[in-house]
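So that the names make sense, note that chain A is the first sequence line, chain B the second, and so on, each numbered from 1.
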Amino acid sequence: MNYTVNGEYVVLSDVTDFSLPATFECGQCFRWNADENGVYHGVAYGRALEIKSNGDDILLKTTELDFLDVWKDYFDLDTDYTKIRRHVSVNGHMEKAAEFGAGIRILRQEKWEALCSFIISQCNNIPRIKKIVETFCALFGAEISDGLYAFPTAEAIAGLTETDLAPLRAGYRTHYIMEAARAVVYGIIDLNGLAGLPPEAAIKALQTLPGVGLKVSSCMALYGLHHLDVFPVDVWMKKALALHFDCDFDPKVFSPYAGVAQQYIFNFERNNNGK
DNA sequence: AGCCAGGACAAGT
DNA sequence: ACTTGTCATGGC
């Protein structure tokens, strides 16, 4: 992966399989939005970014320092997703799903943000998840620049009450958010330490938190710990698996990229109604 | 209006 | 080991 610095932009000209809409709108993240010009705006690791495409180039409005420090890894630019697409295209349906999802890259999201976001996601729809997450940031995150907020730290949340979180309108998930924040701050769970564990052990540890079951912990492992072989199953995935796969299907056929395969399946099902 | 949403969990078979 | 009811809220 090569880059050049051009004025206020870092320019990627030889990166393959990087579509901004595919990556940002495939359901893995909740804080990136396109403006009327197709420029995506988002925040990660406490830094704001504008990113856009121009022909085959991707332009990031950032410094070289921040690019190397944050965004290069965030966008997983050292991973060859063209190769992964080929690897997971094990049958006709997967060929279609992977082709449709070409350009999706699995972001390396902040661990606490991934955990929190997918706690909020349970039994919820994506537009409302985005709304709750953004309100959460605006109310309790540090303001980076006017109108842009970092994801709230666990420390900032642990000292609050559930009444303080009421404006989120997150319902029964509010209690789970509070408990997760306290577990992090009190050292009951060590999110950074989880990164050194095998995926199954990390998932098991996460499930000791209230309101965190197999699905939420799997999403945290995939999007927050970048375990690309973890295969989260939600209602959309159940529908897709029932429609397009044998009943004895085993996601291990995609190993070590079952999580990426999952993203293609999920994305395809949501956008094509399974056709 | 009513069904459903990137679930988890306890209680009942 | 499976099925069911419940939880809070709003998008479509």
Student: Pull out every residue in residues 178-187 of chain A that has a heavy atom closer than 4.0 Å to any atom of DNA chain B, ordered by number, or say none.
Tutor: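 Output list: empty, so none.
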Student: Please list, chain by chain and in numerical order, all residues satisfying side chain to side chain contact (heavy atoms under 4.5 Å, CB included) with A:Lys130, sequence neighbours excluded.
Tutor: A:Phe30, A:Asn33, A:Ile126
Student: May I ask you to check if A:Arg105 and A:Phe18 form a cation-pi contact, with NZ or CZ under 6.0 angstrom from the six-membered ring centre and within 45° of the axis?
Tutor: yes
Student: Are the charged groups of A:Arg108 and A:Asp76 less than 4.0 angstrom apart, N to O?
Tutor: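 A salt bridge is present here (some side-chain N lies under 4.0 Å from a carboxylate O).
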Student: Please report the C-alpha distance between A:Leu77 and A:Tyr3 in whole Å, then the side-chain angles of each, then the deciding distance to 0.1 Å, and finally whether the side chain to side chain contact (heavy atoms under 4.5 Å, CB included) criterion is met.
Tutor: CA-CA 11 Å; A:Leu77 294 179; A:Tyr3 69 92; over 6 Å; no
Student: With sequence neighbours excluded, what pairs up with A:Cys26 under the side chain to side chain contact (heavy atoms under 4.5 Å, CB included) test?
Tutor: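 Residues passing side chain to side chain contact (heavy atoms under 4.5 Å, CB included) with A:Cys26: A:Gln28, A:Ile104, A:Gln263, A:Asn267.
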Student: Using the P atom as the reference point in each nucleotide, state the distance between C:dT6 and B:dC3 in Å, no decimals.
Tutor: 16 Å
Student: With heavy atoms of chain A within less than 4.0 Å as the criterion, where does contact along DNA chain C begin and end?
Tutor: C:dC7 to C:dC12
Student: By side chain to side chain contact (heavy atoms under 4.5 Å, CB included), which residues pair with A:Ala138, not counting sequence neighbours?
Tutor: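 Expected list: A:Tyr149.
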Student: Expressed as a whole number of Å, how far does the P atom of C:dG5 sit from that of B:dC4?
Tutor: 15 Å
Student: Decide, yes or no, whether a salt bridge links A:Arg47 with A:Asp66 under the criterion of side-chain N to carboxylate O below 4.0 Å.
Tutor: yes
Student: So, are A:Arg182 and A:Glu179 salt-bridged, with charged N and O less than 4.0 Å apart?
Tutor: yes
Student: Is any side-chain N of the basic residue among A:Arg31 and A:Glu113 closer than 4.0 Å to the acidic one's carboxylate O?
Tutor: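 Judged by the 4.0 Å cut-off on N to carboxylate O distance, A:Arg31 and A:Glu113 do not form a salt bridge.
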Student: Which letter, B, S or -, goes with each nucleotide of nucleotides 5-13 of chain B from 5' to 3', with contact meaning a protein heavy atom under 4.0 Å?
Tutor: BBBSS----
Student: Identify whether the distance between the nearest side-chain nitrogen and carboxylate oxygen of A:Asp17 and A:Lys83 falls below 4.0 Å.
Tutor: no
